[in-house]
Trainee: 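This is the structure I want to talk about, given as structure tokens.
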Amino acid sequence: MDSNIWNIFLVLALFTLLRVFVVQRRSLLVSLFLHLLHPIRDRQGRQISGPPWIWANGHMIDKFLDGRAKSKEWRAYGAVYRIWSCGIPEIVITTAEDVRAFHSDSDQHAKSRSSNGGWFFHQLLGECMGLINGSRWKEVRGEFQHAFTHRAVMDMSPSISQYARDYVKDICSESSGPIVVHAANTLAKFPFFCTAKYLYGPLSREEKDELWALGQRNLALMRYVLAGGIYRFAMCRLFCTGTAKELDVFRRDWSNFNEKIYQTRRTSSPACLIVSIWKPVKEGTMKESEVLQTISEMLFANLDVSSHVLTWFVTLLAENTEVQQRLREEVESSKVSGVVSGEYCNSKDSLLRSCWLESLRLRPFTSFAIPESSPSPKILGGYQIPANASIVVDTHSINIENPLWGADTHQFRPERFAVIKPSELRYNFFAFGFGTRKCLGQHFAESMLKTFVVHLLDHYTVSIPSPSKHSGSGDYDLTRDSWVPTSNVHLILTKI
Ligand code: HEM
């Protein structure tokens, strides 16, 4: 009996060793082949360095799901290094000088096709505004632009404030004592439905439920993108028929939802954004897939981005009780006739604004920005980078491991923004992108999330139950089931 167990154990160990050997050899061979196929050298003829290629998706998964750790680990390969999205090379830049050099012709840049994410990703987001180029991009951006200017957002500020106040009141309307909530789960629906209201106008309970369910289905489909492998190629339609069906049914239902909302809002006043953007689709002057995927980008892809940003904004204030108290005092003193003022929520010169920027700095929603390319060759970190190569900015290096931010860079110290010049921020701070393709929703996102925090602090003190941080890493755990891992942290809310 005993010797049988030992034999099984030995066979399993040998099998595991063999697998590791085969997989590693395969990875090494692919790595060698890809290096020969895409030589990038400096003036002395030295090949660019980078982490070894990983079977079967290169570094695509690590880049998103473990970005913070990988940013630190991969910096060992130099200030400019190379990673792979499956077989596609991506050059990572980590310094403000290289970001400046790369963006010197940013008006001519192109986003990499489907963010180098492969076929399945292309079906979900490959034609959204953020990933198309040239005249198509100009046309789609032109259709949405008018609703997201600073002026347009300021006009909507009272409605954003009303929604934020109601949402905050509902968080723990039943209880009078302190309650413990899961930060991401409790906060995520606010930016989602606030953005939905901005696009569609007020939604009924049934419409909200339907939209949320569509978002969850979209999230489930995004997991195939993260799985990579066969889902990177169109042939997955042949081999994964169940998944292909799920994708088709989702796309049909998503189109039907927007058509239904359009029909019910056609004559409403004030006019809803969905009416002005769905009309050209019906008239055949805009591609349905581009408009649908852009709304998908704003609502579904952004669900993770906005909830990540909001969760960290609140968590950092909960951790830094002294800053939180000063901010609450600022909120109190800014009130007009006892009511939170829109002017204060949107002011650019306040502790609130500095806290907002500091939380964006310390917790960028992605450690590696969306890949894009210049039509001209570039010298970056001494390497001769060919035209049209995919370049990725390591946002963690820019926002944190950057001499501009000083010795206390890891600390939450919002006051640093009160003294820094905007020109210094240009290439030393990543939040809404660097060049011509900056986030369309930046004014809206800033207004919505700052307004929410003002109402939250007006009603509650926020703290963190201890111990909350992981004993090994010294940081909070992450939930890694989407392309933007959100913090897995709890908050204690105590009514004031
Ligand atoms: C705090 C929340 C948000 C952050 C941190 C953020 C960040 C970004 C970033 C980094 C980009 C890419 C810029 C580039 O590649 O240069 C982007 C693009 C974009 N964002 Fe946002 N975003 C946020 C919220 C929103 C919201 C609420 C909306 C819409 C309602 C939105 C709509 C878009 C669109 C449409 C693009 C593509 C722009 C283009 O390529 O022309 N974003 N965002």
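In each ligand, atom 1 is the first atom listed, and ligand 1 is the first ligand listed. Residues: numbered from 1 along the sequence shown. All figures in this text were calculated on a predicted structure; none of them were measured in a lab.
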Trainee: Taking the inter-plane angle between the rings of Y198 and F148 on a 0 to 90° scale, is it parallel (under 30°), tilted (30 to 60°) or perpendicular (over 60°)?
Mentor: tilted

Trainee: As a check for students: among P364, S106, C439, A147, identify the option with a heavy atom nearest to atom 21 (Fe) of ligand 1.
Mentor: C439

Trainee: Closer than 4.0 Å to some heavy atom of I370 - which atoms of ligand 1 meet that?
Mentor: 12 (C)

Trainee: Is there a nitrogen or oxygen of N302 sitting under 3.5 Å from a nitrogen or oxygen of ligand 1?
Mentor: yes

Trainee: Hey, can you tell me if H109 and H103 have their rings parallel, tilted or perpendicular (30° and 60° cut-offs)?
Mentor: tilted

Trainee: Return yes or no for this condition: an N or O of W356 is under 3.5 Å from an N or O of ligand 1.
Mentor: no

Trainee: Just need the protein heavy atom nearest to atom 16 (O) of ligand 1, so name the residue and atom and give the distance.
Mentor: R437 O, 3.3 Å

Trainee: Please confirm whether W137 approaches ligand 1 to less than 4.0 Å, judged on its heavy atoms.
Mentor: yes

Trainee: Among all protein heavy atoms in this structure, tell me which lies nearest to atom 38 (C) of ligand 1, with the distance rounded to 0.1 Å.
Mentor: R141 NH1, 3.5 Å

Trainee: Answer with yes or no whether the side chains of R437 and N133 bring together a donor and an acceptor at under 3.5 Å.
Mentor: yes

Trainee: Write out the residue and atom name of the closest protein heavy atom to atom 36 (C) of ligand 1, then the distance separating them to 0.1 Å.
Mentor: E297 OE2, 3.6 Å

Trainee: Report, in ascending order of atom number, the atoms of ligand 1 lying under 4.0 Å from any heavy atom of V309.
Mentor: 1 (C)

Trainee: Considering only non-hydrogen protein atoms, determine which one is nearest to atom 6 (C) of ligand 1 and report residue, atom name and distance to 0.1 Å.
Mentor: F432 CD2, 3.6 Å

Trainee: Considering only the protein, which heavy-atom contact is closest to atom 29 (C) of ligand 1, and what is its distance?
Mentor: M298 CG, 3.6 Å

Trainee: Tell me whether the centres of the aromatic rings in F192 and W212 are closer together than 6.0 Å.
Mentor: yes

Trainee: Under 6.0 Å from the ring centre and within 45 degrees of the ring axis: does the NZ or CZ of K189 meet both conditions for the six-membered ring of Y167?
Mentor: no

Trainee: Thinking salt bridges, do R353 and D349 make one under a 4.0 Å N-O criterion?
Mentor: no

Trainee: Over 60° means perpendicular and under 30° means parallel, so tell me whether F434 and F430 are parallel, tilted or perpendicular.
Mentor: tilted

Trainee: Go through the steps for F144 and W137 under the test ring pair (Phe, Tyr, Trp, His ring centres under 6.0 Å), then give the verdict.
Mentor: CA-CA 11 Å; F144 285 84; W137 170 73; over 10 Å; no

Trainee: Does F148 come within less than 4.0 Å of ligand 1, judged by its heavy atoms?
Mentor: yes

Trainee: How close does the nearest protein non-hydrogen atom get to atom 27 (C) of ligand 1, and which residue and atom is it?
Mentor: F444 CD2, 3.8 Å

Trainee: Using non-hydrogen atoms of the residue, decide whether A431 is closer than 4.0 angstrom to ligand 1.
Mentor: yes

Trainee: For ligand 1, does F365 get within less than 4.0 Å through its side chain, its backbone, both, or neither, judged by non-hydrogen atoms?
Mentor: side chain

Trainee: Side chain or backbone, does K111 bring an N or O within less than 3.5 Å of an N or O on ligand 1?
Mentor: yes

Trainee: If the cut-off is 4.0 Å to any non-hydrogen atom of V305, which atoms of ligand 1 fall inside it?
Mentor: 3 (C), 4 (C), 5 (C)

Trainee: Atoms of ligand 1 less than 4.0 Å from T195 heavy atoms?
Mentor: 30 (C)

Trainee: For the residue pair F257 and Y200, categorise the inter-ring angle as parallel (less than 30°), tilted (30 to 60°) or perpendicular (more than 60°).
Mentor: perpendicular

Trainee: Below 3.5 Å, N or O to N or O, backbone or side chain included: is there any such pair between E372 and ligand 1?
Mentor: no

Trainee: Spell out, as yes or no, whether a donor-acceptor pair under 3.5 Å connects the side chain of S373 to the backbone of S390.
Mentor: no

Trainee: Determine whether the side chains of T436 and S106 contain a donor N or O and an acceptor N or O closer than 3.5 Å.
Mentor: yes

Trainee: For the residue pair Y231 and F120, categorise the inter-ring angle as parallel (less than 30°), tilted (30 to 60°) or perpendicular (more than 60°).
Mentor: perpendicular

Trainee: Nearest to atom 2 (C) of ligand 1, what protein heavy atom do you find, and at what distance?
Mentor: A445 CB, 3.7 Å

